[in-house]
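See below for the structure under consideration.
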Amino acid sequence: MALDFHEMERKWQLYWEKNNVHKFDRKSKKPVYSIDTPPPTVSGTMHMGHAFAFTQQDFIARYKKMAGFEVFHPFGFDNNGLATALMVEKKKGVKQKNFGREEFIKIVLEETAEEEKKMLAAFKGIGLSVDWSLLYRTIDKPARKIAQYSFLDLHKQGRLYQREAPTMWCPSCATAIAQAELQDREEESSFCYIDFETTDGGKIGIATTRPELMPACVAIHVHPDDKRYKKFVGKEVKIPFSGGRTVKVFENRDVDPEFGTGAVYHCTFGDLDDVEWILETNLPVIEIIDKDGTFNEKAGILQGLRTLDARKKMIEELKKSGHLVKQEPIKHVVNVHERCKTPIEILTSKQWFVKYLDLREEYIARAAELEWVPEYMKKRLDNWINGLKWDWNISRQRHYGIPFPVWYCKKCGEALIAGEKELPVDPIKDKPKKKCKCGSTEFEGEKDTLDTWFTSSLTPQINCKWQEDKAFFKKMFPMDLRPQGHDIIALWAFNTIVKALFHERKLPWKTITINGWALDQHGKKMSKSLGNVVRPEEMLQKYCADALRYWAGLPVLGEDVPFMEKEMVSGKKFITKIMNASRFVEIVTKGVKEGGVDKKALEPEDRAVLSKLNRLVKESTEAFDKYEFSKALNPVRNFFWLEFADFYIEEVKTRAYNKKDKSGKAAAAVLQHVLWNCLLMLAPFLPHTTEEIAQTSFKKRLKGKSIHLEQWPKADEKFIDEKAEKLGESINAAIAAMRKEKTSAGKPMNTEVKKAVVFSGEELKQGLATIQRTMNVKEIELKKGEELKVELEF
RNA sequence: GGGCUCGUGGUCUAAUGGCAUGACAAUGCCCUUACAAGGCAUAGAUCGCCGGUUCGAUUCCGGCCGGGCCCACCA
């Protein structure tokens, strides 16, 4: 049947929205099931991973709805962050430093709105059961208010502090970043061996990949057990190109005597170790890099350059002066900023921090109370928490973002925090309502903005209208489910848990499901640089949304899955099969009164299929309750295709064509019953296809406006009958054997068989009539046989 | 380097202490009154490698190899 799947799917998407099928009813008496969905970053298009993860979360949402819950399934956009601003900078070819704050924000907001529209259409296109009226954005007023309120509350609890401290800094984005925003990148670099002279005429050699930090060198470290350097300990070493400074040689157990020369030159700040060493040794800090990434006046001959040029220049100068002994190529890992891939620097600046390292053990203990699906993902969080070294730096030196609700007194410098009633506040535009402690009324607003994770860690609070609607919050918090990817356990899951514990002393949800990634067909990560990105829109265009959803329903939750186009083909074929089988059922049952199955009129094939169906319902329900949706989809698919379509339908065709007698009516009733229940169980996976069939063939059965408002089927134990299934198996086996015979004889399946002899066990006697009908056999005989065998006479 | 995870016909996958599912691809036959976007059939796997427990291991245990993700990294 030629059917335009795209048109069909669009039709139902619009229908659901128009008829409020997925609308959350706050007043409903049903128990609530709420989902804290991941707000995708507005910085590009919907990618395969999105389609994969959101579809998986949608299976759960749709199932819960059918299982009797009032489902709260919102959708949000994360558009307050650096990623969004960088996307706009790139798209428009601009940089924030060339604009005033307000102007820049305006540009970003305009562009974001445009991108959002595209993304929204894409997400709607995969048929999510989202209540779109709940759409939120992390830059909108409610989110701003909640983020700032969170700041106030943390401040009240003494969880915030401001400190001038060495911080990981992105010289390209010109902002501080957090530990979680780091990424590794392996780089080819040059390992420089440099000889220093001691003040008493000796020579000590060091090796470094960062010679440009020479002017910031504050010490030399050697291992205390290293005999080669024992004599240098405590001596003064002359540092070239640093205005004749000398530094001391220290003993330090962190030094690896095997690496390089075994002597390390220590600069402020080359890497994270340097920061620790500075704190231990109480050495001076010499900062030679400015916030915009250029070397300053303390860098002497390197002033005005940026890191890479400075490195080149320093190497040249060291060569000329004879300090450079040799250079060798080296591969090493550098920390880069995940957003722009620029190697980070460590600079001292004034930043706001959330104090949270002290409660690491509590986080681990509380997080263990959550239901983790799959369970093993919890370890990733533990791992992360145990490795935490820094408090959470929440200051970003960016124009675009949620502002800190903070002013500083121009006279005494004291920070003044906004009052609850003033929120949301923009301290640049708005004036504080209070005086400073010192009596001054002159203030300057905080120019920094909050880290985007400071806000996105509050999605449960945003969804539950924290501080906005107290009754609603009480009803909804904590939420039931957080579905998210394993890549952001350390970021999103962790920060959300921390925030909920700080603010509410409660976990933010009951369950957390972790979905895997969509990889390319060879199991590699999809990335632009590898050129292996498959766009979901393309696949939707080529196949259809339900086919894509079918693919997302196959794997086990949490596993990474290679994207295979053939799964799309397979899904589409399945959909076609369902449509065709449904059409058959509709045709043969036309005019038959809908109703219960008459148990007395059942034939062996009916009893077998009903038994299997009811077992399947049980199995599928149990799987869904454990979030094992693939174990709900696969068995239904196999039952539908391999049992129902391949055998049952064929077995009852002749009965069903004759609707007048009891047996024919029973067949029609069973056909309808089995198909309808399969549709219900497939509805979470293939919402469009099942809706189409429900609306065309089962209109009378629909209690509400959509199949998605129907009750999930309940298994009826009365029908589960092992004996009936066994007989059914034997019947099917005999039919399969006859098909094989017909095939090898080159005959069509409907060819009349004059006589058939079946060698099998006694019990098959009750199934002979079914076999006869199905295979068009005139005369049939059962002979005793150990192994099943058939002989046909045409 | 540490943690977690995966490793089953050509490809992807299911289950399981005792005959290893199914899909896709391949091959052959069939226009059969739901379906050629289909049906039927055929062939194809020493279940990554090595060792242990066991009457018996693909399954449990240990080691190794390989893929993936996260974390830490040597200046």
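Each chain gets a letter, A, B and so on, in the order its sequence line appears, and its residues count up from 1.
When rounded to the nearest whole Å, the span between NZ of A:Lys653 and C1' of B:rU32 equals 8 Å. The distance from atom CD1 of A:Ile735 to atom P of B:rA41 is 12 Å, rounded to the nearest whole Å. In this structure, A:Lys379 atom NZ and B:rC6 atom P are separated by 11 Å, rounded to whole Å. Here the P atom of nucleotide B:rU13 and the NZ atom of A:Lys631 are 15 Å apart, to the nearest Å. Atom CD of A:Glu619 and atom C1' of B:rA14 are 11 Å apart (whole Å). One atom, CD of A:Glu643, and another, P of B:rU21, lie 15 Å apart when rounded to the nearest Å. Across the protein-nucleic acid pair, A:Glu729 atom CD and B:rU21 atom P stand 14 Å apart, rounded to whole Å. Nucleotide B:rG2 holds its P atom 22 Å from the CG atom of A:Leu381, rounded to whole Å.
Every residue was checked against the salt bridge (charged side-chain N to carboxylate O under 4.0 Å, His left out) condition with A:Arg637, not counting sequence neighbours, and none meets it. Residues passing the side chain to side chain donor-acceptor pair (under 3.5 Å) test with A:Glu619: none are found, sequence neighbours excluded. Here A:Trp517 pairs with A:His486 under the ring-ring contact (aromatic ring centres under 6.0 Å, His included) rule; sequence neighbours left out. Residues that satisfy the side chain to side chain contact (heavy atoms under 4.5 Å, CB included) test with A:Lys631, not counting sequence neighbours, are A:Ala623, A:Glu628. Considering only residues two or more places apart in sequence or on other chains, A:Ser190 meets the side chain to side chain donor-acceptor pair (under 3.5 Å) condition with A:Gln327. In terms of the side chain to side chain donor-acceptor pair (under 3.5 Å) criterion, A:Tyr376 has no residue partners (sequence neighbours excluded). Every residue two or more places apart in sequence or in another chain was checked for a salt bridge (charged side-chain N to carboxylate O under 4.0 Å, His left out) with A:Glu741, and none qualifies. Listed by chain and number, the residues in a side chain to side chain donor-acceptor pair (under 3.5 Å) with A:Gln56 amount to none (sequence neighbours excluded).
The shortest distance between side-chain heavy atoms of A:Tyr229 and A:Thr261 falls below 4.5 Å. Within the 4.5 Å cutoff, the side chain of A:Ile206 has no heavy atoms near those of the A:Tyr193 side chain.
With both ends at atom C1', the span from B:rG3 to B:rU8 equals 26 Å, rounded to whole Å. With both ends at atom C1', the span from B:rC6 to B:rA41 equals 35 Å, rounded to whole Å. Comparing B:rU11 with B:rG63, their P atoms are spaced 29 Å from each other, to the whole Å. When the P atom is compared between B:rC4 and B:rG62, the two are found 12 Å apart, to the nearest whole Å. Only the C1' atoms considered, B:rC19 is 31 Å distant from B:rU5, to the nearest whole Å. Comparing B:rG1 with B:rC55, their P atoms sit 39 Å apart, to the nearest whole Å. B:rA43 and B:rA36 have their C1' atoms separated by 23 Å, given to the nearest Å. For the C1' atom pair drawn from B:rG9 and B:rA26, the interatomic distance equals 12 Å after rounding to whole Å.
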Below 3.5 Å between N/O atoms, which protein atoms pair up with nucleotides 23-31 of chain B? Just atom names and distances, please.
residue, atom, partner, partner atom, Å
B:rA23, O2', A:Ser570, OG, 3.4

Produce the list of close N/O pairs, under 3.5 Å, pairing protein atoms with atoms of nucleotides 18-20 of chain B; give distances to one decimal.
none

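Taking the centre and axis of the six-membered ring of A:Phe584, the NZ or CZ atom of A:Lys653 falls inside the cone set by 45° and 6.0 Å. Cation-pi geometry between A:Arg380 and A:Trp372 is not met: the NZ or CZ atom fails to fall both under 6.0 Å from the ring centre and inside 45° of the normal.
If you check every strand for non-hydrogen atoms under 4.0 Å, A:Lys742 touches nothing. Among the protein residues, A:Lys577 comes within range of the nucleic acid bases, having at least one heavy atom under 4.0 Å from a base atom. Within 4.0 Å (heavy atoms only), A:Glu650 reaches at least one base atom of the nucleic acid. Note on A:Ile649: a base of the nucleic acid sits closer than 4.0 angstrom, heavy atoms only.
Both A:Val585 and A:Arg739 lie close to RNA chain B; mapped to their nearest nucleotides by heavy-atom distance, the more 5′-ward contact belongs to A:Val585.
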In B/S/- notation, 5' to 3', how is nucleotides 65-75 of chain B contacted by protein heavy atoms closer than 4.0 Å?
--SBB-SBBBB
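Of the candidate nucleotides B:rA37, B:rC35, B:rC40, B:rC40 has the atom nearest to the side chain of A:Asp646. Ranking B:rA14, B:rU32, B:rA41 by closeness to the A:Ala736 side chain, first place goes to B:rA41.
For A:Phe259 and A:Phe191, the distance between ring centers is under 6.0 angstrom.
The residues A:Glu752 and A:Lys754 are annotated as not salt-bridged, no charged nitrogen and carboxylate oxygen being separated by less than 4.0 angstrom. The pair A:Glu586-A:Arg583 does not meet the salt-bridge criterion, since no charged nitrogen lies less than 4.0 angstrom from a carboxylate oxygen.
Contact check, A:Tyr657 against B:rA34: a side-chain N or O comes under 4.0 Å of OP1 or OP2.
Base pairing in RNA chain B gives the following stems of 3 or more Watson-Crick or G-U pairs, range against range and under 3.5 Å: B:1-7 with B:65-71, B:10-12 with B:22-24, B:26-30 with B:38-42, B:48-52 with B:60-64.
A donor-acceptor contact closer than 3.5 angstrom is absent between the side chains of A:His323 and A:Asp195.
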